[in-house]
Amino acid sequence: MFSRLNIRIGFFLAKRQIKRSNPWTTILIVFVMFFTFLNLVVVSGILVGLIQGAVDAVRTHYTSDVIVSNLNDKSYIENSPEVIQIIKSLPEVQAVSARYLDGGTVEANYKTRTDLTEKPNTAAATITGIDPIAENNVTDLSKFIVEGEYLKPGDYDQVLLGAYLDKKYMAIDSPGFSTLHDVSPGTKIRMNVNGVEREVTIKGIIKAKVDELSMRVYMVDSQLRSIIGRSDLNVSEISIKLKPGSDPNLVRDILKQNGIDKVAKVQTFADAEPKFIKDMIDTFALLGNMLSSIGLVVASITIFIVIFINAITRRKFIGILKGIGISEQAIEVSYILQSFFYAFCGSVVGVFVLYAILQPAIAAHPIDFPFSDGILVAPIGGTMLRIGLLMITTIIAGFIPARLVVRKNTLDSILGRK
Amino acid sequence: MIEIKKLTKSFKDGENETQVLKGIDFRAETGEFIAIMGRSGAGKSTFLYQMSLLDEPTTGEIIINDKDTFKMSIEEKTLFRLKELGYVFQDYALLPEMTALENVALPLLMQNISEKKAYEESTKALVRVGLEKRLNSLPSKLSGGEQQRVSIARAIAHHPKILFADEPTANLDNESSRVVMEFFKELHKGGQTIIMVTHEHEYSKFAEQIVHLDDGKIIKIEKN
């Protein structure tokens with residue numbers, strides 16, 4: 001059917017039709033195809049990016065590339081100093097932050113509470129002891145200070161309060177969840193860890209879209225160590241930032257080979273992702289594909305209408321072409337090539353806008369979703385697949401109306417008879 | 001040579017059937033110039049369309065150069081039209097997005113002739129009809145007479161066995177009509193078989209035979 005000769009003549013016809021058609025009509029059709037392309041790629045890319053943004057944030061600001069944490073039956077990592085020494089000796093490692101963790105409560109407004117039968121203003125929190133400088137080197141924690149200041153190594157009896165523990169930022173009043181009210185930097189709060197009570201001052205408020213950061217109370221590690229009596233220097237969590245280009249899986253395996261997995265869980269950032277996050281990524285990708293499918297149908301209908309109108313209005317000329325001996329297949333090829341041209345131009349413009357403008361712009365200024373900074377995920381492979389789908393759909397949508405018009409009686413077409 | 005036997009053509013409009021051609025027998029020899037005349041509605045254009053394989057007759061036989069066209073598939077007829085026949089339409093039937101040269105070259109390209117050769121042959125045909133200065137003009141930039149000459153150039157560029165012309169002067173002024181008819185006369189002198197429908201008696205005189213049609217039948221054949 002599509003012999004070389006038919007393709008040659010189809011190309012000859014299509015080229016001249018496009019070249020001498022109204023440029024504004026061509027621009028409009030290409031514009032429609034461009035938006036179809038964006039619909040195909042960007043909608044699913046944003047949906048996946050919404051979750052990917054959250055995953056990336058957890059990696060960058062919490063787990064880092066590799067995280068070593070206590071086993072389920074322990075509250076700390078045994079022989080932590082030795083473990084940290086092994087970690088630091090690896091050439092791939094750029095920075096390490098070790099954290100002491102313990103459950104506790106914080107209480108505010110205890111000085112102004114006159115009626116002791118009233119419920120105290122307390123909130124449960126994970127009390128986290130950090131080396132402020134090391135932590136900042138690994139997770140850039142100071143960036144999330146929204147009020148007050150970040151901790152310094154000598155800041156005793158001072159804490160950073162996670163925003164989810166402050167009613168001002170977390171105005172949720174649900175059973176089993178309470179927050180502190182009327183607190184801000186400078187406010188004194190009472191902290192209770194393992195029965196040890198300490199009055200501390202809020203130095204700053206930490207607000208991040210990574211829940212683990214916003215749910216914690218941070219203090220200098222040496223002070224928490226003394227409060228919880230961890231004189232063995234055993235920590236609960238070690239986040240490891242690797243040098244650019246290093247493979248987290250390789251480092252994880254090296255640590256396991258060194259026997260660290262016997263005293264701690266050794267995970268890459270991906271291993272540490274909760275399963276529901278992975279399920280959410282798949283779910284959003286599926287949703288994106290469903291929306292893309294609708295976009296594909298819209299694109300095919302658009303091209304069908306464009307080609308059908310084009311072919312119907314040119315019915316007389318199609319009749320003339322057939323009359324002078326041009327094969328039906330060559331005429332059909334000309335319409336297929338026109339459809340291909342529109343889809344190709346739309347995709348080229350789309351690829352340019354996607355990779356030269358949208359993706360860098362969104363990466364620089366992520367979309368501020370309530371629970372993540374959404375990025376645009378558009379891997380080249382996926383984009384090419386979608387372009388391929390768009391081309392195939394468009395070619396079919398261009399061929400069908402052309403076939404419908406071309407198969408009509410030659411003389412009826414020339415004379416405009418029904 | 002064209003031989004037509006018992007040719008009929010009917011059109012259906014719902015329950016009604018109108019017979020336009022009522023059993024025509026006709027023969028034209030190679031190299032003849034034949035004019036088909038008749039009053040409006042006599043069936044002359046319908047007769048030409050059947051002969052030139054642009055339409056499907058209801059019954060009858062059309063044999064062109066010993067080939068029974070009834071046995072041909074649609075694809076074979078298309079190929080036959082491309083190689084053996086040439087057409088000049090009343091309204092020129094040029095493709096508006098193509099230049100004069102491209103309009104003429106298209107059927108040649110469809111015959112798998114190289115682009116260079118096709119353009120050479122097309123240029124020759126256009127020079128022959130006196131349009132050497134309008135090769136790259138779009139039809140919209142040409143006068144009616146010039147457009148008809150492009151149409152003739154397209155019809156003769158591939159040296160067809162038979163040239164069909166449907167009222168080629170109907171949309172032209174006297175001067176342009178005369179130029180077209182003179183050109184037909186010249187082609188005929190060169191041995192070209194021409195079958196032309198016209199309602200203008202003045203131009204039928206250019207033909208060597210005039211076939212008069214009325215009510216779907218040949219009523220008279222006149223020799224000039």
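Residue numbers begin at 1 in each chain, while the letters A, B, ... track the order of the sequences.
- Panel note: side chain A:Ser372, backbone A:Phe369; no donor-acceptor pair is recorded below 3.5 Å.
- Residues of residues 42-71 of chain B that come within less than 4.5 angstrom of chain A, heavy atom to heavy atom, are B:Tyr49, B:Leu54, B:Asp55 in numerical order.
- Of all residues in residues 345-368 of chain A, none places a non-hydrogen atom less than 4.5 angstrom from a non-hydrogen atom of chain B.
- Only the side chain of A:Ile9 comes within contact range of chain B, judged by heavy atoms closer than 4.5 Å.
- Heavy-atom contacts from other residues, nucleotides or ligands closer than 6.0 Å to CD1 of A:Ile27 number more than 12.
- For the residue pair A:Ala378 and A:Val41, the shortest heavy atom distance occurs at CB-CG1, 4.1 Å.
- For chain B, the nearby part of A:Leu5 is the side chain; its heavy atoms alone come within less than 4.5 Å.
- Counting only heavy atoms from C-beta outward, the side chains of B:Ile24 and B:Thr8 never approach each other to under 4.5 Å.
- Taking all atoms of both residues into account, the shortest heavy-atom contact from A:Asn409 to A:Lys322 is C-NZ, 4.3 Å.
- Note on B:Arg81, B:Glu75, B:Lys83: by heavy-atom pairs under 4.5 Å with chain A, the leading option is B:Arg81.
- For A:Phe31, the CZ atom sits in a loose shell: 12 or fewer heavy atoms of surrounding residues, nucleotides or ligands are nearer than 6.0 Å.
- Heavy-atom distances place no part of A:Ile18 under 4.5 Å from chain B, backbone and side chain included.
- In A:Asn22, the CG atom is crowded: over 12 heavy atoms of neighbouring residues, nucleotides or ligands sit closer than 6.0 Å.
- Using a 4.5 Å cut-off on side-chain heavy atoms (C-beta onward), A:Ile375 and A:Val377 make contact.
- Within a 6.0 Å sphere centred on CE of A:Met384, heavy atoms belonging to other residues, nucleotides or ligands number more than 12.
- In this structure, A:Arg8 is not positioned above the aromatic face of A:Phe12 in the sense of NZ or CZ being under 6.0 Å from the six-membered ring centre and within 45° of the axis.
- Other residues, nucleotides and ligands contribute more than 12 heavy atoms inside 6.0 Å of the NZ atom of B:Lys77.
- Applying a 4.5 Å heavy-atom cutoff, the residues of residues 86-122 of chain B that approach chain A are B:Tyr87, B:Phe89, B:Asp91, B:Ala93, B:Leu94, B:Leu95, B:Pro96, B:Glu97, B:Met98, B:Thr99, B:Glu102, B:Leu106, B:Pro107, B:Leu109, B:Met110, B:Asn112, B:Ile113, B:Ser114, B:Glu115, B:Tyr119.
- At a heavy-atom separation below 4.5 angstrom, chain B is approached by A:Arg314, A:Lys316, A:Phe317, A:Ile320 within residues 310-320 of chain A.
- Counting heavy-atom pairs closer than 4.5 Å to chain B, the top-ranked of the candidates A:Glu328, A:Arg16, A:Lys19, A:Gln17 is A:Arg16.
- Neither the backbone nor the side chain of B:Leu85 has a heavy atom closer than 4.5 Å to any heavy atom of chain A.
- Using a 4.5 Å heavy-atom threshold, the side chains of B:Leu7 and B:Ile4 count as touching.
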